[in-house]
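Data first, discussion second: the structure below is written as structure tokens.
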Protein chains: 2
Amino acid sequence: MSDRKRPAAKAKAPRKPLERKPSDHKPAEHKPAERANQRYRTRKDLIAAAEQLMKNGHKPSLEDIAAAARVSRATAYRYFPNVEALLIEAPLDSAAPDIEALFAKDASIDPEARIDKAEAAMHRMAFDNEAGIRLMLAATLTRAAEGRDATVPLRQNRRGPLIDAALAPARARFRKAAYARLRAALALIFGSESMIVFRDVLRLDEKEARQVKSWAVKALVRAALEESRKGEDSRHG
Amino acid sequence: MSDRKRPAAKAKAPRKPLERKPSDHKPAEHKPAERANQRYRTRKDLIAAAEQLMKNGHKPSLEDIAAAARVSRATAYRYFPNVEALLIEAPLDSAAPDIEALFAKDASIDPEARIDKAEAAMHRMAFDNEAGIRLMLAATLTRAAEGRDATVPLRQNRRGPLIDAALAPARARFRKAAYARLRAALALIFGSESMIVFRDVLRLDEKEARQVKSWAVKALVRAALEESRKGEDSRHG
DNA sequence: CTTTTAGTGAGACGATCGTCTCATGTCAAG
DNA sequence: CTTGACATGAGACGATCGTCTCACTAAAAG
């Protein structure tokens with residue numbers, strides 16, 4: 001008598017009746033500019049609550065986040081289509097390095113030194129917030145794997161402006177294409193993803209990771225500078 | 001009248017009564033060497049089914065995987081503590097580049113050329129299996145974020161041997177420390193994580209990604225070679 | 001062939017997810 | 001102050017997750 005199935009499996013034929021469409025989440029009846037303050041505050045409270053709960057590395061349930069924000073579950077879903085979307089925005093707003101402050105009283109214009117300094121800041125941020133960043137990364141990965149239309153910004157890019165700021169004083173010394181290439185390559189090394197590689201794949205500790213990255217970013221800057229100086233963009237002929 | 005709560009929230013005081021301990025999952029009554037064949041086959045079937053279902057980018061439910069493997073849900077949980085653990089093992093076994101074949105009839109010993117070739121192989125693998133890799137990465141990230149004891153190998157390292165093989169003919173030209181540093185830095189660029197950065201952060205397409213990585217790996221190899229030649233390990237001295 | 005026992009199937013269970021509806025509260029314009 | 005539009009709260013609902021128990025099957029041992 002396999003007549004009694006577990007409830008999840010009933011109506012097996014039309015199998016996926018609800019067929020999640022991840023991106024057609026209507027932000028309820030939120031129109032652009034009505035009661036903006038009220039909405040700003042609940043949104044801020046939700047993110048703050050999520051950020052708080054993420055610190056211990058456990059993925060908080062939306063129920064917990066909503067409770068911590070003194071907001072109902074339904075309201076939380078009116079602001080974010082799912083838990084992950086909340087986790088994506090949460091963990092970094094307080095930890096992001098301040099670009100102005102970083103280079104404020106630093107008169108050095110040596111691009112290698114400045115890039116290294118910028119990398120050090122990102123490095124600290126990533127390793128100090130490892131738990132939260134892991135959750136955030138996981139959230140963006142699965143979000144992106146499913147619905148791909150992505151009118152929403154999947155991911156905020158913090159490293160780009162930081163890299164630009166670090167290289168700004170020397171910008172004129174790079175050829176255009178070389179700069180674009182360097183910028184992208186540095187982004188590979190700067191990001192929090194590199195922390196994942198060091199931890200999970202290479203099994204190196206924070207200090208070794210920092211040394212490797214410090215060497216790599218400087219080597220790349222040097223290489224790009226040299227190629228630009230020689231006046232050829234790609235060196236394989 | 002907040003007497004009627006949603007069922008999930010009842011018994012609020014002891015809140016987390018079950019308190020997931022991710023790693024004390026007992027593999028049921030599976031002792032090392034009894035009915036090994038039977039167990040090997042069900043495990044293999046589960047992984048194969050997961051691999052199959054992952055190809056479209058949707059995270060398959062364990063119910064679906066078990067059904068595809070012609071196995072009951074309970075049995076699947078006897079082999080893997082959760083869906084993620086299955087997804088981690090699934091997506092890459094068939095796609096990993098074969099190191100021997102890659103360098104078989106390639107007499108070149110130029111480390112830059114060989115590294116570039118290896119990177120190209122990893123690049124293809126990563127971009128061809130984007131959906132599966134995203135799921136796998138997300139799974140390892142959250143696994144690592146929670147229970148951290150990790151007697152299990154969180155992640156298999158495919159890039160390490162590949163990098164070693166590519167650099168093997170030129171190995172003698174590197175100083176030891178420089179080689180270790182180069183190896184780690186290349187691992188940052190080789191991995192599937194870099195695909196994520198290109199896609200989600202930099203928004204570059206596959207071709208541009210390949211160009212950036214090709215330039216970066218060659219530049220790093222060159223830099224490490226040069227430093228080794230000059231006989232100094234770190235150049236900021 | 002029988003007995004033992006390890007692997008399995010079926011499904012109940014509580015928890016969380018994301019959706020939806022209805023009622024209530026609250027801001028802001030008249 | 002009233003009123004209408006909008007934000008919120010409360011909770012039902014079906015789906016999936018991971019755990020657990022019980023019964024059944026089939027491999028291995030005698």
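- What separates CD1 of Ile65(B) from P of dG18(D) is a distance of 10 Å, to the nearest Å.
- Positionally, the nearest nucleotide of DNA chain C for Pro60(A) lies more toward the 5' end than for the other of Pro60(A) and Ala74(A).
- Here dC6(D) presents its P atom at 23 Å from OH of Tyr40(A), a figure rounded to the nearest Å.
- For the pair Leu46(B) CG and dG7(C) P, the computed distance is 14 Å after rounding to whole Å.
- In the set dA7(D), dG9(C), dG9(D), the nucleotide with an atom closest to the side chain of Ser72(A) is dG9(D).
- Arg210(A) has a carboxylate O that lies under 4.0 Å from a charged side-chain N of Asp116(A), or vice versa, which qualifies the two as a salt bridge.
- Atom CG in Asp64(A) sits about 7 Å away from atom P in dT16(C), given to the nearest Å.
- Looking at Arg199(B) and Glu206(B), no side-chain N of the basic residue comes within less than 4.0 Å of a carboxylate O on the acidic one, giving no salt bridge.
- Whole-Å rounding puts the Leu53(B) CG to dT16(D) P distance at 13 Å.
- Geometric assessment of Arg114(B) against the ring of Phe103(B) yields a positive cation-pi assignment under the 6.0 Å and 45° thresholds.
- Leu62(A) places its CG atom 13 Å from the P atom of dG9(D), with the value rounded to the nearest Å.
- Evaluation of atom-type donor-acceptor distances gives no pair under 3.5 Å for the side chain of Arg73(A) against the base of dG9(D).
- Within the 4.0 Å cut-off from OP1 or OP2 of dA7(D), not a single side-chain nitrogen or oxygen of Thr75(A) is found.
- Residues that satisfy the side-chain hydrogen bond (donor to acceptor under 3.5 Å, both in side chains) test with Asp45(B), not counting sequence neighbours, are absent from this structure.
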Find every protein N or O atom lying less than 3.5 Å from an N or O atom of nucleotides 27-30 of chain C, and list the pairs.
residue	atom	partner	partner atom	Å
dC27(C)	O2	Arg35(A)	NH2	3.2

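- We find that CZ of Arg43(B) is positioned 14 Å from P of dG7(C), with the value rounded to whole Å.
- Residue Thr42(A) places at least one side-chain N or O under 4.0 Å from the OP1 or OP2 atom of dT8(D).
- Judged by a 6.0 Å distance limit and a 45° cone about the ring axis, Arg39(B) is not positioned over the six-membered ring of Tyr79(B).
- Using a 4.0 Å cut-off between charged nitrogen and carboxylate oxygen, Arg73(B) and Asp64(B) do not count as a salt-bridge pair.
- Residue Tyr77(B) has its side chain nearest to dC17(D) when only dC17(D), dG7(C), dT19(C) are considered.
- Set against dT21(C), dT19(C), dT8(C), the side chain of Arg78(A) has dT21(C) as its closest nucleotide.
- Distance, Asn82(B) CG to dG18(D) P: 5 Å, rounded to whole Å.
- Arg70(B) comes within contact range of the sugar-phosphate backbone alone, with a heavy-atom separation under 4.0 Å but no base atom that close.
- Within the structure, every side-chain polar atom (N or O) of Tyr79(B) is placed at least 4.0 Å from both OP1 and OP2 of dG7(C).
- By the salt bridge (charged side-chain N to carboxylate O under 4.0 Å, His left out) test, Arg43(A) is found to be paired with Glu89(A), residues two or more places apart in sequence or in another chain being considered.
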